Amino acid sequence: MLTEIDYLPDGLLELEATQLEEVLGGPTLIHLSGRREPALFVSVLMHGNETTGWDAVRQLLKGYMPGGVERELPRSLSLFVGNIKAAAFGLRHLDGQPDYNRVWPGSDLAETPEHLMMTRLVETMRRRGVFASVDVHNNTGLNPLYACVNLLDNRFFHLATMFSRTVVYFIRPCGVQSMAMANICPAVTLECGKSGEAYGIERARDYLDACLHLSEHPVHPVANHDIELFHTVAIVKVPDQISFGHCVSDVDIRLADDLDHFNFRELPRGTVLGCLRPDIGLGLEVTNEHGKDVSERYLELEGNEIKLRVPVMPSMLTLDHRIVRQDCLCYLMERYDDHLKLLD
Ligand SMILES: [Zn+2]
């Protein structure tokens, strides 16, 4: 299922993400040698509709071939080009395919051939040795660029803050690339804003180039003013039986209509999320990392307004009705700076 090659097929860098399947045929691991070993591991198109990673890699590698003459990479690069079948259709994944970023070792989903592929891939990279791992993604809605880590470790923080001061630590969902690779080397996930935007592509390209030039991972603590560390602590859902909407009155919860502007903003206690019809309780359900209901810790009712009971920073808040129903209204994050001090 996984193709492994040690060269860049002719013309590959000219292809859009939608065209890769025609040439590569399936998920492909490409090893390119450079001046230093071990390799930087980069994965792109884990979600087929998130093209920024591939476009950043195209620009990066073209930069090392001025006028068609190949220059040596500062460090070897192992590039995993993931779900190009879904990319051909501009989809996250196809019906019948699992989410490629939930099937890495540590996944809690039922085993699929993709699980086996990722397990083999991790073993291959472990055997070869890896300097660092970067998985490049996009998201929807209004979010800044940020990096995620799954371990509280100074080497990981340095790698993350090379991309953004905003760093998110999470341990759910499981089975993600960065959590599996964290067992081998410092690993980050990049969230590069909306797919295909030039700014995100340039930032990812420059970041990958900086990683290729890095000689070692600093182990000293990241200075406090260079990192804003947040921890994803809870998920907020609208229960199925509760109706909701923006700018409409005939619903159980009327949500603020500019709600997605709250993403990655630290909201003070008392921030109003919406108005409730009487006698439906809190209206929203908040669950922590361990699946426990923690609604009362985060939300309170005042009159008919639902308000934050503690300061939090939401992410992934969306105005898309379907996404709210299928996934969630948002994630809640808390500042995690106190934990940094423990690592000094
Ligand atoms: Zn993604």
Side-chain angles (χ1 to χ4, degrees), residues 16-18 20-21 27-28 41-58 79-95 97-109 112 114-115 117-118 121-122 133-150 160 163-164 166-182 187-197 199-201 203-205 207-208 230 232 235 260 263-264 314-318 320 322-324 326-328 330-331 333:
E16 302 292 334
T18 49
L20 287 169
E21 207 225 340
T28 305
F41 178 63
V42 176
S43 54
V44 300
L45 292 169
M46 220 50 58
H47 294 137
N49 59 332
E50 300 173 10
T51 57
T52 289
W54 169 243
D55 288 333
V57 165
R58 290 165 78 185
L79 172 68
F80 177 50
V81 185
N83 198 345
I84 53 180
K85 281 194 162 43
F89 296 93
L91 295 172
R92 185 179 172 95
H93 61 84
L94 299 180
D95 289 344
Q97 278 186 328
D99 184 322
Y100 269 37
N101 205 27
R102 301 289 183 273
V103 292
W104 292 72
S107 171
D108 56 3
L109 302 179
T112 63
E114 285 83 359
H115 282 82
M117 172 171 70
M118 300 315 184
L121 199 158
V122 171
S133 170
V134 182
D135 187 22
V136 191
H137 285 259
N138 295 105
N139 48 50
T140 56
L142 291 169
N143 289 287
L145 308 197
Y146 62 100
C148 301
V149 297
N150 311 109
F163 185 65
S164 172
T166 307
V167 179
V168 174
Y169 164 68
F170 75 91
I171 56 166
R172 291 285 182 285
C174 337
V176 301
Q177 191 269 32
S178 54
M179 217 177 296
M181 292 305 292
V188 295
T189 299
L190 304 187
E191 290 289 351
C192 301
K194 287 180 185 163
S195 185
E197 283 186 356
Y199 178 66
I201 296 169
R203 282 278 299 271
R205 176 201 63 200
Y207 176 81
L208 294 176
F230 295 91
T232 300
I235 179 170
D260 65 335
N263 278 330
F264 279 84
S315 65
M316 308 283 183
L317 262 172
T318 176
D320 187 319
R322 198 172 51 98
I323 289 178
V324 174
Q326 284 182 348
D327 187 17
C328 65
C330 66
Y331 292 90
M333 304 184 292

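Just so it is clear, the model here is predicted, and its values are computed rather than measured. Start at 1 and go down the list; that is how both ligands and their atoms are numbered.
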Novice: Check this for me: does any side-chain nitrogen of one of Arg102 and Glu114 sit under 4.0 Å from a carboxylate oxygen of the other?
Specialist: no
Novice: Check side-chain contact (heavy atoms from CB on, under 4.5 Å) between Thr51 and all other residues, then give those that pass, not counting sequence neighbours.
Specialist: Ala17, Leu45, Asp55, Ser195
Novice: Sort out for me which residue in Asn138, Asn143, Thr52, Asn139 forms a side-chain hydrogen bond (donor to acceptor under 3.5 Å, both in side chains) with Glu191.
Specialist: Asn139
Novice: Would you call Phe89 and Glu21 a side-chain contact if the rule is heavy atoms closer than 4.5 Å?
Specialist: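 No; the side chains remain at least 4.5 Å from each other.
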Novice: Please check if the side chain of Asn83 supplies one atom and the backbone of Met46 the other of a donor-acceptor pair under 3.5 Å.
Specialist: no
Novice: Taking the Zn ion (ligand 1) as the centre, count the protein N/O/S atoms lying under 2.8 Å from it.
Specialist: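 If we list every protein N, O or S atom nearer than 2.8 Å to the Zn ion (ligand 1), we get 4.
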Novice: Report yes or no: does Thr166 contribute a side-chain atom to a donor-acceptor pair with the main-chain N or O of Tyr146 at less than 3.5 Å?
Specialist: no
